[in-house]
Amino acid sequence: MNVKTNSGFIKLLSDFVESDALPPDQGDVQREPQGTSGGYRARLWILTREPGNCNTVNTLDSSPEIWKSVPAAVITRKDVDRATRWVYPQDPLLSDTVSSHATDVKTNSGFIKLLSDFVEKTRCPLTKVTYSENRGDQWIQDEMEFGYTEAPHKRFPVVLDSPRNRGLKNFPVSEVLGPDFGYVTREPGNRNTVNTLDSFGNLEVSPPVTAGGKSYPLGRILIGDSLHMGNMRMSQVVRDFLGAQQVQPPVFLFSTWLYVGHIDEFMSFVPAPDRKGFRLLLASPRSCLQVLTQKQKEGHGGGAVMFEGLGTTEYTIDDILADETLKQSSETCQESIDLNRKIMKKELGLSEDDIIDIPMLYKCDSSMECAESFFPNMVNMLVLGKYLGIPKPFGPPNLWLLLPGGEGAVLAGAPGTALHLP
């Protein structure tokens, strides 16, 4: 902010960080020249002392109104430590969603219309990111995640910006960062090390869970990884930042069997009225093949057509079940999903009753190492409270795929299902 009369504000900040509120070398105030007018912006750096040398940078405007809203402006060492943590919330399950975002890339007007109609039912505002803002990059889920930092008297939203830095790289700073919204990012020193696992479709968080006798009231962060099967990982600086927050200890899942390597391609959480208050949805090639085999036995093998009228290769149920490569791909992918099922049952304290298998097929490359969804993936849905925006799988029309336990049903031929859970 270009001001020449903020010496009192600078003094206040200096006294604050020099007090016992921050440990030695954990806070600093800088005065940065702004433009040619000789004014200054006051910048308060607050660094956590957690493993990984994680640090959070807050730029504070000197106006009294903004100063009052900043949760870092607390006086005790304990509260400052709490305020510096970034928390990744499971708000779509636990509370009303404040807003949702969608990118307009000029060729997805039909999608934007369907999404607008869906969010209107949920009464959740939709922010449309224009082409000039996204520069043709439609994957806003991969660019940023919303979280918050909190002190006893105030919660302050903070956007976490991915190091992927494609067309949307400026959006979190230019359109989200503001007097009432913070910003943080972590980027490796060598940009050449950034990979697909650094996109935030590969970053999820569970609802509150208890596992191994320990409670995680804010849930646990979930990160896709190659585990012991390879060397590809989310960048060290991002993993260090997430782990340093301590309150949501990360769980690493096996995701590099997927071409994109993102965990949202095989899992999601939805609210439920009983048990733990949620269900884990897992993509299931096994369930899909079972459903199709049953429908074939009922005489629908040659008449029900997938992808009908889309201008691409159409498949009957008979075609799918006769495709040995597709069947082998899906069986291989099922093994990877089963591994993640085992990990999450242990690390999140889940039982089989907490998990719902969603029919899905994948097709691998010739090496059987990288897989892509064979049809739009229903688990990669938009969860807004009790409303689920489910991708249309373009399955055989009028073929019902029932979710076990009576939690609901998805009509495979329906035009983009909006399912409201009881």
**OP:** Quick one: do Asp353 and Arg275 satisfy side-chain contact (heavy atoms from CB on, under 4.5 Å)? Show the steps, please.
**Re:** CA-CA 9 Å; Asp353 290 337; Arg275 295 181 59 80; 3.6 Å; yes
Original post:
Can you tell if the side chain of Ile223 reaches within under 4.5 Å of the side chain of Leu203, non-hydrogen atoms only?
Top reply: yes
Original post:
Any salt bridge (charged side-chain N to carboxylate O under 4.0 Å, His left out) pairs touching residues 106-120, not counting sequence neighbours?
Top reply: Lys113-Asp117
Original post:
What salt bridge (charged side-chain N to carboxylate O under 4.0 Å, His left out) pairs are there with at least one residue in residues 132-142, not counting sequence neighbours?
Top reply: Asp137-Arg164
Original post:
With distance as the sole criterion, is a donor-acceptor pair present between the side chains of Gln248 and Tyr88 under 3.5 Å?
Top reply: no
**OP:** Taking Gln245 for its side chain and Trp86 for its backbone only, find out whether a donor-acceptor pair lies under 3.5 Å.
**Re:** yes
Subject >> Counterpart residues, ring pair (Phe, Tyr, Trp, His ring centres under 6.0 Å), relative to His262 (two or more places apart) >> reply: none
Got a list of side-chain donor-acceptor pairs under 3.5 Å for residues 342-349, not counting sequence neighbours?
from, atom 1, to, atom 2, distance (Å)
Lys345, NZ, Glu352, OE2, 3.0
Glu347, OE1, Arg220, NH1, 3.0

**OP:** For residues 372-382, pull every pair meeting salt bridge (charged side-chain N to carboxylate O under 4.0 Å, His left out), keeping only residues two or more places apart or in separate chains.
**Re:** none
**OP:** Give a yes or no on whether a salt bridge exists between Asp354 and Lys276, defined as a side-chain N under 4.0 angstrom from a carboxylate O.
**Re:** yes
**OP:** Could you note down all residue pairs passing side chain to side chain donor-acceptor pair (under 3.5 Å) where residues 165-178 supplies at least one of them, sequence neighbours left out?
**Re:** Asn165-Glu187
Original post:
Is the Phe254 to Phe266 ring centre distance short of 6.0 Å?
Top reply: no
**OP:** Measure the spacing between CZ of Arg286 and CD1 of Ile337 and express it to the nearest 0.5 Å.
**Re:** 9.0 Å
Original post:
With sequence neighbours excluded, what pairs up with Ser109 under the side-chain contact (heavy atoms from CB on, under 4.5 Å) test?
Top reply: none
Original post:
Rounded to the nearest 0.5 Å, what separation is found between the CH2 atom of Trp257 and the CG atom of Leu339?
Top reply: 11.0 Å
Original post:
Which pair of heavy atoms, one from Met360 and one from Phe375, lies closest together, and at what distance?
Top reply: CE-O, 3.0 Å
Original post:
Side chain of Asp198, backbone of Pro163: donor and acceptor closer than 3.5 Å?
Top reply: no
Subject >> Derivation and outcome, side-chain contact (heavy atoms from CB on, under 4.5 Å), residues Leu361 and Leu289 >> reply: CA-CA 8 Å; Leu361 294 178; Leu289 291 172; 3.9 Å; yes
**OP:** Evaluate the side-chain contact (heavy atoms from CB on, under 4.5 Å) criterion for residues Val159 and Tyr183: first the C-alpha distance (whole Å), next the side-chain angles of each, then the deciding distance (0.1 Å), finally the verdict.
**Re:** CA-CA 5 Å; Val159 62; Tyr183 170 92; 3.8 Å; yes
Subject >> Main-chain N/O of Cys364 paired to Ser329 side chain as donor or acceptor, under 3.5 Å >> reply: yes
Subject >> Set of residues satisfying ring pair (Phe, Tyr, Trp, His ring centres under 6.0 Å) with respect to Phe307, sequence neighbours excluded >> reply: Phe374
Subject >> Results of side-chain contact (heavy atoms from CB on, under 4.5 Å) for Asn190 - residues two or more places apart only >> reply: Asn192, Thr193
**OP:** Dump the intermediate steps for side-chain contact (heavy atoms from CB on, under 4.5 Å) on Leu114 and Lys392, then the final yes or no.
**Re:** CA-CA 11 Å; Leu114 280 172; Lys392 179 181 177 180; over 6 Å; no
**OP:** Taking the side chain as every heavy atom from C-beta outward, state whether Met381 and Leu281 have any atom pair closer than 4.5 Å.
**Re:** yes
Original post:
How long is the gap from OG on Ser206 to CG on Leu350, to the nearest 0.5 Å?
Top reply: 8.0 Å
**OP:** With sequence neighbours excluded, tell me which residues meet side-chain contact (heavy atoms from CB on, under 4.5 Å) with Lys128.
**Re:** Ile112, Ser116, Leu126
**OP:** Tell me, yes or no, whether the heavy-atom count around Phe181 atom CZ, taken from other residues, nucleotides or ligands under 6.0 Å, exceeds 12.
**Re:** yes
Subject >> Flag side-chain contact, heavy atom, 4.5 Å: Phe269 against Leu280 >> reply: yes
Subject >> Donor-acceptor contact below 3.5 Å, side chain Thr127 vs main chain His101 >> reply: no
Original post:
Are Thr256 and Thr196 side-chain neighbours, meaning at least one heavy-atom pair lies under 4.5 Å?
Top reply: no
Original post:
Got Val379 and Met267 here, is their nearest side-chain heavy-atom distance under 4.5 Å?
Top reply: no
Subject >> Atom of Ser226, atom of Gly230 and distance for their closest heavy-atom approach >> reply: OG-O, 2.9 Å
Subject >> Heavy-atom closest contact (Ser284 atom, Asp357 atom, distance) >> reply: CB-CB, 3.6 Å
Original post:
Do Leu253 and Glu204 have side-chain heavy atoms sitting under 4.5 Å apart?
Top reply: no
Subject >> Backbone N/O of Val105 and side chain of Gln138: donor-acceptor pair under 3.5 Å >> reply: no
Original post:
Just wondering, more than 12 heavy atoms not from Glu314 lying within 6.0 Å of its CD?
Top reply: yes
Original post:
Can any side-chain N or O of Thr185 pair as donor or acceptor with the backbone N or O of Asp161 at less than 3.5 Å?
Top reply: yes
Original post:
Going by heavy atoms in the side chains, are Arg341 and Leu282 under 4.5 Å from each other?
Top reply: yes
Original post:
For Ile140, does its backbone N or O pair with a side-chain atom of Asn134 as donor and acceptor, under 3.5 Å?
Top reply: no
Original post:
Salt bridge or not for Arg279 and Asp274, using N-O below 4.0 Å?
Top reply: yes
**OP:** Kindly write out the residues that satisfy ring pair (Phe, Tyr, Trp, His ring centres under 6.0 Å) with Phe111, not counting sequence neighbours, or none if the list is empty.
**Re:** none
Original post:
Who passes side-chain contact (heavy atoms from CB on, under 4.5 Å) against Asp225, sequence neighbours left out?
Top reply: Leu227, Arg233, Phe252
Original post:
What pair of heavy atoms forms the shortest contact from Tyr362 to Ala283, and how long is it?
Top reply: OH-CB, 3.2 Å
Original post:
For the atom pair OG (Ser199) and CD (Glu143), what is the distance rounded to the nearest 0.5 Å?
Top reply: 8.0 Å
**OP:** Please round to the nearest 0.5 Å and tell me the distance separating atom OG of Ser287 and atom CD1 of Ile356.
**Re:** 11.0 Å
Original post:
Going through the distances and angles, do Ser367 and Asp365 end up as a side chain to side chain donor-acceptor pair (under 3.5 Å)?
Top reply: CA-CA 5 Å; Ser367 66; Asp365 60 12; 2.8 Å; yes
**OP:** Determine yes or no for a side-chain-to-main-chain donor-acceptor pair under 3.5 angstrom, with Ser255 supplying the side chain and Gly261 the backbone.
**Re:** yes
Original post:
Looking at Leu222 and Ile263, what are the two nearest heavy atoms and their distance?
Top reply: O-CD1, 3.4 Å
Subject >> Least distance between heavy atoms, Val194 atom then Ser235 atom >> reply: CA-OG, 4.3 Å
Subject >> Side chain proximity check, Val383 to Pro271, heavy atoms < 4.5 angstrom >> reply: yes
